[in-house]
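Shown next, in structure tokens, is the structure this report addresses.
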Amino acid sequence: MVFQPDKPANLLRVLMLGEVYSKAGRKAVADHLPRLRREYRIDLVIANGESAAGGQGLTGGTAQELLKNGIDVITSGNRIFDQREMVEWLRTNPDSPVLRPLNYPAGTPGKASFQFNSALGTVEILNLNGRVYFNEMDSPFRVADQWLEQRRQAGITWPVVVDFHAEATSEKVVLGWYLDGRVSAVLGTHTRTPTADARVLPGGTAHVSDVGMVGPFHSVAGLEIESALKPFVSHYSVRPRSNKRPAGLVVFNSILLDIEPLTGKSAAVTRLDLMLDDNSK
Ligand SMILES: [Fe+2]
């Protein structure tokens with residue numbers, strides 16, 4: 001089905017933002033998300049927040065800022081504990097809608113799913129991490145199977161949107177097909193580079209390999225250009241720095257998704273990509 005800008009009344013509309021990167025990304029959320037929520041009549045906003053704190057992880061303060069400015073659920077990935085305070089923050093805020101991947105080792109603080117109550121019923125958000133280049137994780141395929149089986153046994157049928165935080169496009173596409181017909185959407189994050197493959201698979205699962213980023217245009221996927229360039233033109237390794245500039249053009253990559261609340265199937269999916277002037281509202 002083609003995505004309709006005017007939301008059909010019976011469908012649950014989700015906006016998923018790519019990684020909100022540093023202050024530039026957080027400011028774009030504060031300045032533009034309220035208008036987009038109204039314009040597209042969005043029921044649920046999800047954002048990957050693992051680079052929201054200066055491009056390196058998330059803090060309690062930056063999480064609360066994003067939640068205050070219109071994001072309902074924050075997902076993450078391999079960088080969730082880059083800021084060490086998140087270990088304790090997730091432990092002491094168990095009810096917060098801030099997630100870390102399900103396939104982390106047992107005993108890791110935080111939770112991997114959140115049940116959001118929208119005007120059209122409950123929708124659950126699940127966070128998984130890929131294993132290609134992150135092979136200390138459990139298999140996202142096996143833990144997803146176990147998680148879905150527990151839901152089935154509990155008689156839970158509400159829609160599920162998965163943030164699959166992974167490096168390899170192949171792994172992200174394969175998980176989409178693997179979960180087709182079992183969840184509403186598998187939306188990829190981590191590369192901070194949007195892909196043009198958003199589609200609804202035959203079983204009703206929407207898929208995109210990578211949502212992208214909400215962050216500085218003058219960057220290499222958020223990193224400062226000069227420091228990202230150095231390893232490629234020299235023989236010494238340099239740790240690239242995050243682009244923390246608050247001003248300038250901002251890339252706003254996101255996915256709009258319409259879900260049938262009763263069946264959990266996605267009716268339509270499309271990209272919503274904007275280039276914003278940091279000073280505009
Ligand atoms: Fe990541």
Side-chain angles (χ1 to χ4, degrees), residues 12 14-20 43-53 56-118 121-131 134 136-166 175 179 182-190 211 257 259 264:
L12 195 156
V14 178
L15 180 71
M16 168 81 189
L17 308 187
E19 276 188 35
V20 178
D43 300 298
L44 161 64
V45 179
I46 308 165
N48 189 295
E50 76 156 17
S51 296
Q56 291 167 326
L58 183 67
T59 60
T62 50
Q64 279 160 339
E65 180 186 327
L66 293 175
L67 296 171
K68 177 172 74 83
N69 289 330
I71 289 169
D72 299 305
V73 181
I74 299 172
T75 54
S76 66
N78 60 302
R79 308 198 74 162
I80 181 62
F81 297 120
D82 272 18
Q83 304 284 335
R84 284 304 162 90
E85 68 165 83
M86 283 312 281
V87 174
E88 196 55 26
W89 195 89
L90 287 178
R91 212 191 294 279
T92 52
N93 292 273
D95 299 326
S96 72
V98 179
L99 306 181
R100 52 89 175 152
L102 179 64
N103 48 331
Y104 272 13
T108 302
K111 60 183 180 295
S113 64
F114 184 82
Q115 295 161 12
F116 178 80
N117 295 316
S118 79
T122 302
V123 55
E124 192 154 8
I125 298 87
L126 172 66
N127 205 173
L128 294 170
N129 209 107
R131 278 216 297 193
F134 303 112
E136 70 274 21
M137 314 267 178
D138 292 344
S139 163
F141 297 83
R142 291 216 180 93
V143 298
D145 281 343
Q146 289 160 3
W147 188 84
L148 289 166
E149 176 58 20
Q150 284 167 7
R151 275 170 49 97
R152 193 191 66 76
Q153 287 180 10
I156 297 170
T157 57
W158 52 62
V160 176
V161 175
V162 177
D163 175 347
F164 185 37
H165 194 79
L175 189 79
L179 295 180
R182 298 198 279 162
V183 299
S184 303
V186 176
L187 307 176
T189 58
H190 175 69
V211 182
L257 175 68
I259 300 172

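Bear in mind that the values here come from a model prediction, so they are computed numbers and not experimental data.
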Check the pair Val183 / Leu148 against side chain to side chain contact (heavy atoms under 4.5 Å, CB included), numbers first and verdict last. CA-CA 9 Å; Val183 299; Leu148 289 166; 4.0 Å; yes

Donor-acceptor check, side chain of [X] to backbone of [Y], threshold 3.5 angstrom: yes or no?
{"X": "Arg91", "Y": "Gly110", "result": "no"}
{"X": "Lys111", "Y": "Arg100", "result": "no"}
{"X": "Asn103", "Y": "Asn129", "result": "yes"}
{"X": "Ser184", "Y": "Gly264", "result": "yes"}

Looking only at the side chains, is there a donor atom on one of Asp43 and Ser118 sitting less than 3.5 Å from an acceptor on the other?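 No, because no side-chain N or O of Asp43 sits under 3.5 Å from a partner of the opposite role on Ser118.
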
How about Asn78 and His165: does a side-chain donor come under 3.5 Å of a side-chain acceptor?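 Their side chains do contain a donor-acceptor pair, which is all the 3.5 Å distance test asks for.
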
Of the options Gln146, Arg151, Gln153, which is the one that meets Glu149 in a side chain to side chain donor-acceptor pair (under 3.5 Å)?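 The option that passes is Gln153.
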
Contact list for residues 136-156, test ring pair (Phe, Tyr, Trp, His ring centres under 6.0 Å), sequence neighbours left out: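 Output for this query lists Phe141-Tyr178.
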
In this structure, which one of Leu99, Val161, Leu67 forms a side-chain contact (heavy atoms from CB on, under 4.5 Å) with Val73?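 Exactly one option meets the side-chain contact (heavy atoms from CB on, under 4.5 Å) with Val73, and it is Leu99.
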
Step-by-step side-chain hydrogen bond (donor to acceptor under 3.5 Å, both in side chains) determination, Thr75 to Asn127: CA-CA 6 Å; Thr75 54; Asn127 205 173; 4.8 Å; no

Would a 4.5 Å heavy-atom cut-off, applied to side chains only, mark Leu17 and Asn48 as touching?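 No - every pair of side-chain heavy atoms lies 4.5 Å or more apart.
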
Side-chain heavy atoms of Ile125 within contact of Phe116, under 4.5 Å: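 Yes - at least one pair of side-chain heavy atoms lies under 4.5 Å apart.
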
Set of salt bridge (charged side-chain N to carboxylate O under 4.0 Å, His left out) partners for Glu19, sequence neighbours left out: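 For Glu19, the residues satisfying salt bridge (charged side-chain N to carboxylate O under 4.0 Å, His left out) (neighbours in sequence not counted) are Arg192.
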
Could I get the full list of salt bridge (charged side-chain N to carboxylate O under 4.0 Å, His left out) partners for Glu136, not counting sequence neighbours?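 For Glu136 there are no salt bridge (charged side-chain N to carboxylate O under 4.0 Å, His left out) partners, ignoring immediate neighbours.
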
Check Arg182 with Asp145, please: is the shortest side-chain N to carboxylate O separation under 4.0 Å?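 A salt bridge links Asp145 with Arg182.
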
Would you sort out whether Gln83 and Thr59 count as a side-chain hydrogen bond (donor to acceptor under 3.5 Å, both in side chains), showing the intermediate values? CA-CA 6 Å; Gln83 304 284 335; Thr59 60; over 6 Å; no

